[in-house]
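What follows is a single structure, written as structure tokens, with notes after it.
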Protein chains: 2
Amino acid sequence: MSRPTKYQPERGEAKTRLLEAALLLIRSKGYSATSVADLCEEAGVTKGAFFHCFENKEALGVAAANFWAENTGAFFADAPYHQHDDPLERILAYVAFRKAIIDGDISEFTCLVGTMVQEVYAISPAIRDACANSIFGHAHTLEADIADAMKVHKLDSVWTAESLARHTQTVIQGAFVLAKAGNDPSLATESLDHLDRYIRLIFNPSKGS
Amino acid sequence: MSRPTKYQPERGEAKTRLLEAALLLIRSKGYSATSVADLCEEAGVTKGAFFHCFENKEALGVAAANFWAENTGAFFADAPYHQHDDPLERILAYVAFRKAIIDGDISEFTCLVGTMVQEVYAISPAIRDACANSIFGHAHTLEADIADAMKVHKLDSVWTAESLARHTQTVIQGAFVLAKAGNDPSLATESLDHLDRYIRLIFNPSKGS
DNA sequence: ACATACATACCTGTCGATCGGTATGTAAAC
DNA sequence: GTTTACATACCGATCGACAGGTATGTATGT
């Protein structure tokens, strides 16, 4: 009935701890520069545990991308921007929400899969595809609102809901690149303001300022 | 008077050959996954030559970013989009030019410094700053045209020429991320169409379709 | 008892980096 | 105008550290 005096990871926790370590380390150091030993040290497990949980380093990369997709998927599903009645308001609230969560350390608000896919798209198709699923899966969650807004505003546009949904992700991913380069989060929020303005204009061209 | 029968790199060429190898390899494999040996093999020189030309691998990264800035700077300075009389036409022609050169292998049209900065922003401030100079230096070349267009169209907007110039780079960098993830260049051109539409709308709000 | 979930020890190749040496140029001395 | 002196450009062997990965041992739950 006695508890260990020093914290030891519970049995069964190693995989989750390694995935959480992967999110932390890969987001700041990149995939290639993050070694298996780094991951084990951060997670507080040994190499034996690592290769018990994952076949190899690439498999961890794939699992990390999927883990990211699950976590962010739940995070955005629970976010408050879905509450508006008007679909256009939901879209704009999404952009505002993305802007609001850009705060603090750059490695904490930027995107794991956007970072990782740039690095490994040519050397690991498996990781690339997992990253693609995360990005385009998230984009897909915006499509219904965009399509509804197009109906409400009676738009007969040359662009599609899918295309605009992807474009929002383009701006977000690019915003992270500039924020990293300039070491300044406001470089990211600035572009989200342009995105907000764009969406307002294409849904209501006459009201542009 | 005899010429060597087999091609040997001329004396003095090693540095340039290594920089060209760096552009090729880092754009497809990333910075960390590109080893010094890889670079030497691609350039056709030895490790001795490498560490004669560059103090260490990080110095090559910085030099590669600067080399990229020089090459692309000359490339865009010579490009035909500057020829239009109207400044707004020059801006739109720039976007069209960026769209037109998205073709072929992904590693051949994507951006070295955008890729590299995502990977190393936290582990090498020197490379990060060199990448930032390239990105924001290029953005700066667009500012005069944007400022002129704002005057011609008598805009009194909440956004600045600097901000819109940076936003164009945001969209371009993000477009590369999505193209790499989906392994499809049309994912990049699609967002440039949205950027074109945005620029037309903010300079002439009533004419939006 | 047996499988699962790890830990420990270690192997092999590759990493960035160093170093002594050599070939080539350059410029002043005589 | 040849010799001397030195600098530059590059080669190739080698280093210690560390990479990813494996082989084997051990504790734990069922």
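All of these numbers come straight from a predicted model, not from anything done at the bench. Every heavy atom of this structure was used, including side-chain atoms; hydrogens, water molecules and symmetry mates were not. First the proteins, then the strands, lettered A, B, ... as listed; each starts at 1.
Using a 4.0 Å heavy-atom distance criterion, Ser35(B) is classed as a sugar-phosphate-only contact. Contacts of Ser32(B) with the nucleic acid, taken as non-hydrogen atoms under 4.0 Å apart, are absent.
Of all heavy-atom pairs spanning Glu190(A) and Arg166(B), the tightest one is OE2-NH2, 2.7 Å.
When the C1' atom of dG20(D) is taken as reference, atom OH of Tyr31(A) falls 10 Å away, rounded to whole Å. Computed from coordinates, the Leu25(A) CG to dA19(D) P distance equals 12 Å when rounded to whole Å. Per the geometry, NZ belonging to Lys15(B) stands 13 Å off P belonging to dT8(D), to the nearest Å. Regarding Phe50(A), its CZ atom lies at a distance of 12 Å from the C1' atom of dA19(D), rounded to whole Å. The interatomic distance linking Arg17(B) (CZ) with dC11(D) (P) rounds to 10 Å, in whole Å. When rounded to the nearest whole Å, the span between CD of Glu13(A) and P of dT28(D) equals 16 Å. Going from atom CZ of Phe54(A) over to atom C1' of dC6(C) covers 14 Å, rounded to whole Å. As rounded to whole Å, 14 Å separates atom C1' of dA13(D) from atom CZ of Phe51(B).
Residues Ser186(A) and Asp184(A) bring a donor and an acceptor atom of their side chains to less than 3.5 Å of each other. When only modelled atom types and interatomic distance are considered, Ser32(B) and Ser32(A) share no side-chain donor-acceptor pair under 3.5 Å.
The listed nucleotides are dG21(D), dC11(D), dC6(C); the one nearest the side chain of Ala49(A) is dC6(C).
Ranked by how close their nearest DNA chain D nucleotide is to the 5' end, Asn56(A) and Cys53(B) are led by Cys53(B).
Seen from the ring of Phe50(B), Lys57(B) does not count as a face-on cation partner, given the 6.0 Å and 45° thresholds.
Lys47(B) contributes no side-chain N or O that forms a donor-acceptor pair with the base of dG12(D) under 3.5 Å.
His52(B) has no side-chain polar atom (N or O) that falls below the 4.0 Å cut-off from OP1 or OP2 of dC10(D).
Below 30°, between 30° and 60°, or above 60°: for His194(A) and His167(B) the angle between ring planes is below 30°, a parallel geometry.
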